[in-house]
Amino acid sequence: MSESRSPLFEAFAKEGIVRRDLLLETLRERGIQEDDPRLKQFIKSLNGGSQEISESQFQILADQNPTLMKQISEDDLIVPDFKSFIQEISAIFDEVNQIRLGKLPTYIPQLERVDPDKFAVAVCTIDGQRFATGDSEDYFCVQSCSKPITYCLALEEQGEEIVHSYVGREPSGKTFNELTLNAKGLPHNPMINAGAIMCGALIKKGGAPSDRFDYVMEKWKQAAGGQKIGFNNAVYLSERQTADRNFALGYFMREKKAFPLDSELLDVLEFYFQCCSIETTTKSMAIIAATLANGGICPLTGNQIFRPDHVKNCLSLMLSCGMYDFSGEFAFSVGIPAKSGVSGAIMLAIPGVGGITVWSPLLDELGNSVRGVEFCKRLVSRFRFHTFDNMLGQGDNRIDPRRCKK
Ligand code: GLU
C-alpha cells in the first residue's frame with residue numbers, strides 16, 4: 001500500500017503516526033519552548049488531543065503555524081544544531097561559574113544587598129530558539145541596560161536627526177557618570193548617563209509622567225515577546241536618594257541649555273531613575289536582545305517593535321560605547337554589540353543570530369560583571385561571533401552555528 005503523505009507530516013512521523021511526546025521533544029531539541037507565543041493555540045490543541053496524531057489531525061495543528069513547522073522540519077532555523085550549541089554555552093557557563101572575583105556596587109544601597117553568587121545565562125535566537133541556565137528566572141533591575149531601549153524609543157519618536165541634535169555618538173573616554181559634556185555642550189552618547197537622561201527627555205515630551213512610564217513598560221514588554229516586566233520600587237527610591245551625580249549632570253545640561261525647551265528637569269531625572277529600576281529576568285532580556293539582533297522584530301511574536309535603521313544605530317553605539325571604559329577593548333576583542341549595567345547584566349546582540357544575556361552581580365573596577373565579561377571572551381574563543389569574523393575565512397576553526405545559506 002503506498003499512500004502519498006505530506007513531507008511535513010513525514011518529517012515528524014514514525015511508522016505513519018506522529019506521537020505527541022516525540023513531537024514536543026523535537027520542538028524542545030530545536031529550542032522551541034512550549035510557552036512560545038507563536039505556539040499558543042498549537043500547544044493547547046496538542047494537549048487537548050490524543051497521544052497519537054493522524055495525518056489529518058497533524059495537518060490541522062501544523063496549519064496553525066506553517067512557517068515555523070516548516071522551518072523545524074527542514075532544519076531551517078538559524079541555529080540548526082541547537083543541541084550542540086547549548087552544550088557549548090553550558091560548558092562555558094560551568095567554567096565561568098568557578099570565578100568568584102569582583103565586588104558588589106556600593107553607591108546604590110539596594111544593589112549591595114543582592115546575592116553575589118547569582119549567575120545566569122540565557123539565549124534567544126532570531127528564530128525564537130531559547131535556552132537558559134542558572135538563576136535565569138530571578139528578577140534583577142536593568143540599570144544601564146535600559147539605555148539602548150530608551151535610545152531606540154527616542155529614535156522611534158523623534159527620528160535620528162532630532163535625537164542627535166541633542167546627544168552625540170562618540171565614546172566619551174570617561175566613566176559612565178562623569179560630569180562632562182562634549183564640545184557642543186551635549187552628552188557624548190546615549191549609552192552613558194547624561195545621554196540616557198537626554199534621550200528620556202525626548203520620549204513622550206510633555207506627557208504625564210505616569211503615561212510616559214506606562215508607555216516605556218509596554219515597549220519593554222513587547223520587545224520581550226509579552227513576558228512580564230517588573231519594576232523595583234526599592235531600587236528606584238534608593239537610586240533617587242543617592243543620585244547627586246545624576247542631579248549634577250541634569251543641572252549641568254540645563255545650564256548649557258541642552259534640553260528640549262519644555263523639559264521639566266525633575267521629571268526627566270525621575271524618568272531616568274525609573275528606567276534604571278525596571279526589572280526583568282535573564283530569560284526575558286535575552287528575548288529583548290534578540291529583538292535587537294533581529295532588526296527590531298521580536299522573534300517570538302513577529303511584531304516590529306523598533307525600525308531597522310534605528311536598531312542599526314543602536315547596535316553601532318552599543319559596539320562603540322556599551323561597556324563603560326572597557327568599550328574599545330571589548331569591541332576589539334569580543335566584537336559583539338553589548339550593553340552592561342551595574343546590576344551585573346550584560347546584554348549581547350549578535351546581528352542576524354540572536355541575543356544572549358549574562359547576569360552575575362559581582363563587578364570589576366570598570367563596572368562590568370566579572371563573570372559576564374569572561375563569558376563573552378570565552379564565547380568568541382569558541383564561536384565566530386565577532387562582528388568582523390567573516391574576514392578570517394577558511395583558517396578559522398571556531399564554530400559557526402548559523403545555518404548554511406541555501
Ligand atoms: N542607575 C545607575 C546610575 O545612574 C546606572 C548605572 C549603570 O548601570 O551604569 O548611576
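Both counts, for ligands and for their atoms, begin at 1 and track the order of listing. Just so you know, these numbers use all the heavy atoms, side chains as well, and skip hydrogens, waters and symmetry mates. Quantities reported herein were computed from a predicted structural model and do not represent experimental measurements.
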Kindly indicate whether the side chain of L153, heavy atoms from C-beta on, has any atom under 4.5 Å from the side chain of T150.
no
In terms of the angle between their ring planes, are Y151 and H164 parallel, tilted or perpendicular, with boundaries placed at 30° and 60°?
perpendicular
Return the orientation label for the F93 and F119 ring planes: parallel under 30°, perpendicular over 60°, tilted otherwise.
parallel
Which ligand 1 atoms are under 4.0 Å away from a heavy-atom of [X]?
X    : value
C276 : 1 (N)
F176 : 6 (C), 9 (O), 10 (O)
N246 : 3 (C), 4 (O), 10 (O)
G341 : 8 (O)
Y324 : 7 (C), 8 (O), 9 (O)

If only atom types and distance count, is the side chain of Q59 paired as donor or acceptor with the main-chain N or O of L61 below 3.5 Å?
no
With Q71, which of L77, I32, N65 fulfils side chain to side chain contact (heavy atoms under 4.5 Å, CB included)?
L77
Residue-level breakdown please: for [X] versus ligand 1, do any non-hydrogen atoms fall below 4.0 Å on the side chain, on the backbone, on both, or on neither?
X    : value
N177 : neither
S144 : both
E239 : side chain
F273 : neither

May I ask you to check if ligand 1 and S340 share an N or O to N or O distance below 3.5 Å?
no
For ligand 1, which is the ligand I care about here, please tell me if V342 has any N or O atom under 3.5 Å from one of the ligand's N or O atoms.
yes
Among all the protein's non-hydrogen atoms, which is closest to atom 10 (O) of ligand 1, and how far away is it?
Y107 OH, 2.9 Å
Ranked by distance from atom 5 (C) of ligand 1, the top protein heavy atom is Q143 OE1, 3.1 Å
Option passing salt bridge (charged side-chain N to carboxylate O under 4.0 Å, His left out) with E95 (candidates R382, R371, K377)
R382
Which atoms form the tightest heavy-atom contact between H386 and V380, and what is the distance?
N-CG1, 4.1 Å
Out of curiosity, E112 CD to L104 CG, how far, rounded to the nearest 0.5 Å?
7.0 Å
Within this structure, what is the SG-CZ distance for the pair C321 and F176, rounded to the nearest 0.5 Å?
15.0 Å
